[in-house]
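Not measured: the values here are computed from a predicted model. Numbers restart at 1 for each chain; the letters A, B, ... are given by sequence-line order, proteins then strands.
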Amino acid sequence: MPELPEVETMVRGIRPFVEGRTVKAVLRCRCSCKPISIRPRLELLAKRLVGRRIESVRRLGKRVVLGVSDGSAVVIEPRMTGLMLLSDPPDRLHLRIEWKFAGRAKYNSIWFWDRRGLGTVRLFAPGELERTLPANVLGPDALLMDAETWRERCRKTSQPIKVLLLDQRKVAGIGNLYASEILHVAKIHPAKAAGRLKADEIRRLSEATREVLEEAIRDEGSTLGDATYRTALNRNGRYQNKHRVYGRGDETCPTCSEAPIRRFVQAQRSTFFCPVCQHR
DNA sequence: ATTAATGTTCAGAA
DNA sequence: TTTCTGAACATTAA
């Protein structure tokens, strides 16, 4: 499930083989499943991109953005199971789009692979991305948040802090897995109202967010047992080995060794926490 | 064999 | 305005 660390890993993985290169072709991969959402349709997308250079590869929240030489931008949204790959997809059946580049390097293509097919690919005209995703739609990046920004974002809301962490308008990049991990490190109960967090809880939240996300990036993200996330070069992430609570219901808390991790549902998603470390 | 669960985003309802 | 629910989809486990 690509969240900030996984998307950052994809971006860093493909960047050296994409930036500065000219698009030679954009191809639909043969795939018997329902087609994913591509706007404009693939033939038109190809026409707009072929012959142009990709000047930048960056991450916007949980999205991958390819900056094109004419000022337009390709935005890839992996959602649940989407991956950006340089080679070796988990299977060929769910390859969706291939971008081919002119010239010869170690890798001359990138692919968007997506098993469930909930991912999307969109071309934004110059300036359109800034208009479509203004600050009130996409909050500040989780890695750039300081304690003061956290305080402002959490103000005056009864939203449980775990639910707030998932709200991309409040803060961009955190998903279900890292929300549980961050709150455990910060020692904050996931159901606590964000607006009632004390100053030192806000400080811990700010520090835990950076700590968890940066370490997860160093470990190239989390590859769960039944999930399909891999790096651009078909490696497993390693951060799953360091998960403290996510997916560890009934296991003893690694921090206090005093209680089993508990699972409950918030906003229709699983939340994991330690009732001792994260009291009240 | 059917059903639930998985977790991100958006449309539409409350 | 804000908050919530269901749908999009494919696969696996129960």
Side-chain angles (χ1 to χ4, degrees), chain A residues 1-10 29-39 59-65 75-84 89-97 112-122 124 129 131-139 141-142 153-183 190-191 193-195 213 216 221-230 237 239-240 243 245-250 263-273:
Chain A
M1 300 117 267
E3 304 180 25
L4 186 152
E6 288 76 23
V7 178
E8 182 65 27
T9 303
M10 292 177 200
C29 303
R30 45 198 152 71
C31 171
S32 51
C33 330
K34 266 189 114 166
I36 61 162
S37 168
I38 302 169
R39 284 208 320 237
R59 179 182 61 75
L60 189 62
K62 300 177 192 173
R63 300 165 170 90
V64 176
V65 180
V75 177
I76 298 136
E77 215 176 86
R79 300 227 183 163
M80 292 292 294
T81 51
L83 297 178
M84 294 303 295
D91 63 50
R92 305 204 73 82
L93 182 65
H94 299 103
L95 278 176
R96 309 289 181 155
I97 299 184
F112 181 59
W113 180 94
D114 187 1
R115 190 179 66 189
R116 281 179 72 173
L118 300 179
T120 66
V121 175
R122 297 233 175 313
F124 289 81
L129 186 56
R131 258 181 289 122
T132 314
L133 292 176
N136 62 327
V137 173
L138 194 68
D141 193 83
R153 301 264 105 183
C154 291
R155 265 180 61 218
K156 286 204 257 190
T157 174
S158 56
Q159 238 181 348
I161 183 59
K162 161 74 167 13
V163 178
L164 183 142
L165 291 181
L166 298 179
D167 186 343
Q168 302 300 299
R169 292 167 306 181
K170 294 278 190 178
V171 48
I174 300 172
N176 199 46
L177 189 161
Y178 291 101
S180 283
E181 292 297 318
I182 287 166
L183 289 175
L213 295 180
S222 301
T223 300
L224 282 323
D226 61 338
T228 47
Y229 166 73
R230 340 195 129 288
Y239 193 70
Q240 67 280 1
H243 289 176
V245 290
Y246 185 83
R248 298 197 186 279
D250 299 330
R263 174 192 173 276
F264 72 111
V265 173
Q266 282 181 298
Q268 294 107 251
R269 273 108 124 198
S270 297
T271 298
F272 296 89
F273 77 111

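Here the nucleotide nearest the side chain of A:Met80, chosen from C:dA10, B:dT8, B:dT9, is B:dT8. Listed candidates were C:dT5, C:dC9, C:dA8. Nearest to the side chain of A:Arg79 is C:dA8. Here B:dC10 is the nucleotide among B:dC10, C:dT5, B:dT6 with the atom lying nearest to any side-chain atom of A:Glu77. Counting only heavy atoms from C-beta on, A:His94 has its side chain closest to C:dA10 among C:dA10, C:dT3, B:dT8. Distance from the side chain of A:Lys62 is smallest for B:dT9 among the nucleotides C:dT11, C:dC9, B:dT9. Listed nucleotides C:dA10, C:dT5, B:dT9 differ in distance to A:Lys34; the shortest reach to its side chain belongs to C:dA10.
Within the shown strands, nothing qualifies as a pairing partner of C:dC9 under the Watson-Crick or G-U definition with both distances less than 3.5 Å.
Within 4.0 Å of A:Arg263, counting heavy atoms only, lie sugar-phosphate atoms of the nucleic acid but no base atom. The residue A:Thr81 sits apart from the nucleic acid: no heavy atom pair falls under 4.0 Å. Across all strands, A:Thr157 comes closer than 4.0 Å only to sugar-phosphate atoms, never to a base (heavy-atom distances).
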- Query: Between A:Arg59 and A:Asp141, does a salt bridge (Lys or Arg N to Asp or Glu O under 4.0 Å) hold up when you go through it step by step?
  - Reply: CA-CA 10 Å; A:Arg59 179 182 61 75; A:Asp141 193 83; 2.7 Å; yes

Trace of the side chain to side chain contact (heavy atoms under 4.5 Å, CB included) decision for A:Arg96 with A:His94
CA-CA 6 Å; A:Arg96 309 289 181 155; A:His94 299 103; 3.8 Å; yes

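Counting to the nearest Å, the P atom of C:dA10 and the CH2 atom of A:Trp113 are 12 Å from each other. Between A:Met10 atom CE and B:dT8 atom C1' the separation is 12 Å, expressed in whole Å.
The gap from the P atom of B:dA1 to that of C:dC9 amounts to 24 Å, rounded to the nearest Å.
With A:Glu77 contributing its side chain and A:Val121 its backbone, the two residues share no donor-acceptor pair below 3.5 Å.
Contact check, A:Gln268 against C:dG6: no side-chain N or O comes under 4.0 Å of OP1 or OP2.
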